[in-house]
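As the structure is a computational prediction, the values presented were derived from the model and not from experiment.
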Amino acid sequence: MNKLQLLLVLLSTLVMTGGCQKETIQPNILWIYVEDLSPEFGCYGNTIVNTPNVDELALNGVKYTNVHMPAAVCSAVRSGIITGTMPTTLGLHNHHSSRDLASAIFLPDSIKTIPELFKEAGYFTYNWGKDDYNFWYDRRNLYEGDFRSIGMYGMSGNKLDWNARKDGQPFFGQIQLYGNKHVYNRKFKEKRIRAIEPDLIKVPPYYPDSAFIRQDLANHLECIELTDNEVGKIVEALRQDGLLENTYIFFISDHGMRLWRHKQFLYDSGTNVPFIIAYYGKDGKLQKGTVNNDLISGLDIGTTTLGLANIDIPSYTEGIDLMAADYKPRDYVISVRDRCDFTIDRIRSVRTKDFRYIRNFYPDRPYMQPNYRDEWDISKRMHQLASEGKLGEIPAKFWGNERPAEELYDVEKDPDMIYNLAYEEEYTGELNRMRTTLDKWIDATDDKGQYPESVDGLRFMYNRWKQQCVNPEYDQFK
């Protein structure tokens, strides 16, 4: 064999064995998971706030504008995303379920959480902060590191980051930020970046234009600026450790801000969240600096995370891989609300590009039936104004003694969702289409919210909240 023949053989061998191919390096993935924040960052169009770090994420990735969570309360949302299924599919829809063994809900053996799938793929997984999942689990199967119990919020991972992994090991990490819950800190005014002038705030029409409302909305923006500063520190830490250019950064909030018609309710103000996927490297799967206006479910977050890591997506997941070659936008997103703390309710929503349909299964129970926020001073002010007839016509609808069985809103013409079209004759066709969509979904997924909560689950809530449990479902314990 001459030298030329030998060279040809060697080249052929390299090609057959993949020796000429560039070694694939698995990307790291980090979720920056924020509590109770609406999409009010600069990159989302708010001109009052100064949010250079989150805005920079948007410049280095894809900003999603029409993302709606599967619920509007943290534990149901987090349970859905971490399993890739609607919380109602697995019975994880009631807020703060499985907080004791007697009322525990166990996942089927066939279901593995997102971090478990990453672990199987060789990733180092951690969650620095609360889990808040509505199922019973051994946390060591999901995450590395020490953890502690935080009562009603379940378990929380102690301080841990990517530096605890083995050399060269890819990581899937989560860092939980307080977001709008910074306002509960007694040192909030000392921690905030700056005070935001309440007079600059545009008050939504479903709230009275009062000083205490303006102040709370200003506090929300101050929390956004504080969150932005925290995000900047995380990105800089990745940069200092040489990891920034091979890490996909997900920036997400669990649901809308803390006020009444936002959190726990299924209007856009409750379900629509900021969501950005950023990548500072050169060879990522996303187009930097782009805006995606497609209708997206929060369930798509976990599924897309698996796709970016080239991990097989289980068939039971209900999310969509937003980066897949065969990606197609959704026609609608379903969101749910069930028991929140001790308040028993059932609401379902269908959100399309043009409309939002809401079905209230307990129209005899007021929107603002007794709930944990009644203890707030601002809630007491709202109840007082309502009793005195001083809220104004539009806000008073949400604080009255009854609510409609169905609601339908034109999201383009009425983004604040004030004018209910469900009883307008010209919208009968749209209303019927929405009804059919929801009914089919309830049947196809066997929506567990249609069944009573377990006696043990209700008993746990009654023992926790006692006299505040006024719904008739609690009468069995009195």
- Evaluate the ring planes of Trp376 and Tyr372, with Trp represented by its six-membered ring, and classify them as parallel (under 30°), tilted (30 to 60°) or perpendicular (over 60°).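 Geometry flag for Tyr372 against Trp376: perpendicular rings.
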- Message: Suppose we call two aromatic rings close when their centres sit under 6.0 Å apart. Are Tyr207 and Trp260 close by that rule?
- Response: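 Distance test on ring centres: under 6.0 Å, yes.
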- Below 6.0 angstrom between ring centroids: does that apply to Tyr462 and Phe477? yes
Ignoring hydrogens and geometry, is there a side-chain-to-backbone donor-acceptor pair from [X] to [Y] under 3.5 Å?
{"X": "Tyr409", "Y": "Ile358", "answer": "no"}
{"X": "Ser379", "Y": "Glu375", "answer": "no"}
{"X": "Arg214", "Y": "Ile201", "answer": "yes"}

Is any side-chain N of the basic residue among [X] and [Y] closer than 4.0 Å to the acidic one's carboxylate O?
{"X": "Arg403", "Y": "Asp345", "result": "yes"}
{"X": "Asp36", "Y": "Lys263", "result": "yes"}
{"X": "Glu407", "Y": "Lys397", "result": "no"}
{"X": "Asp354", "Y": "Lys413", "result": "no"}
{"X": "Lys119", "Y": "Glu144", "result": "yes"}

- Start with the C-alpha distance between Glu473 and Arg339, add both sets of side-chain angles, then the distance that settles salt bridge (charged side-chain N to carboxylate O under 4.0 Å, His left out), and finish with yes or no. CA-CA 11 Å; Glu473 289 85 352; Arg339 177 182 55 70; over 6 Å; no
- Decide side chain to side chain donor-acceptor pair (under 3.5 Å) for Tyr419 and Glu424; before the verdict, give the C-alpha distance in whole Å, the side-chain angles of both, and the deciding distance to 0.1 Å. CA-CA 10 Å; Tyr419 304 104; Glu424 300 290 334; over 6 Å; no
- Task: Go through His68 and Arg330 one step at a time and tell me if the side chain to side chain donor-acceptor pair (under 3.5 Å) criterion holds.
- Result: CA-CA 11 Å; His68 295 272; Arg330 291 175 177 270; over 6 Å; no
- Positive for side-chain contact (heavy atoms from CB on, under 4.5 Å) with Arg351, one of Asn272, Thr271, Asp268: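 Testing each of Asn272, Thr271, Asp268 against Arg351, the sole residue satisfying side-chain contact (heavy atoms from CB on, under 4.5 Å) is Asp268.
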- Find out whether the Lys NZ or Arg CZ of Arg261 is both under 6.0 angstrom from the six-membered ring centre of Tyr267 and within 45° of the ring's axis.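 Yes - Arg261 lies over the ring of Tyr267, closer than 6.0 Å to its centre and within 45° of its axis.
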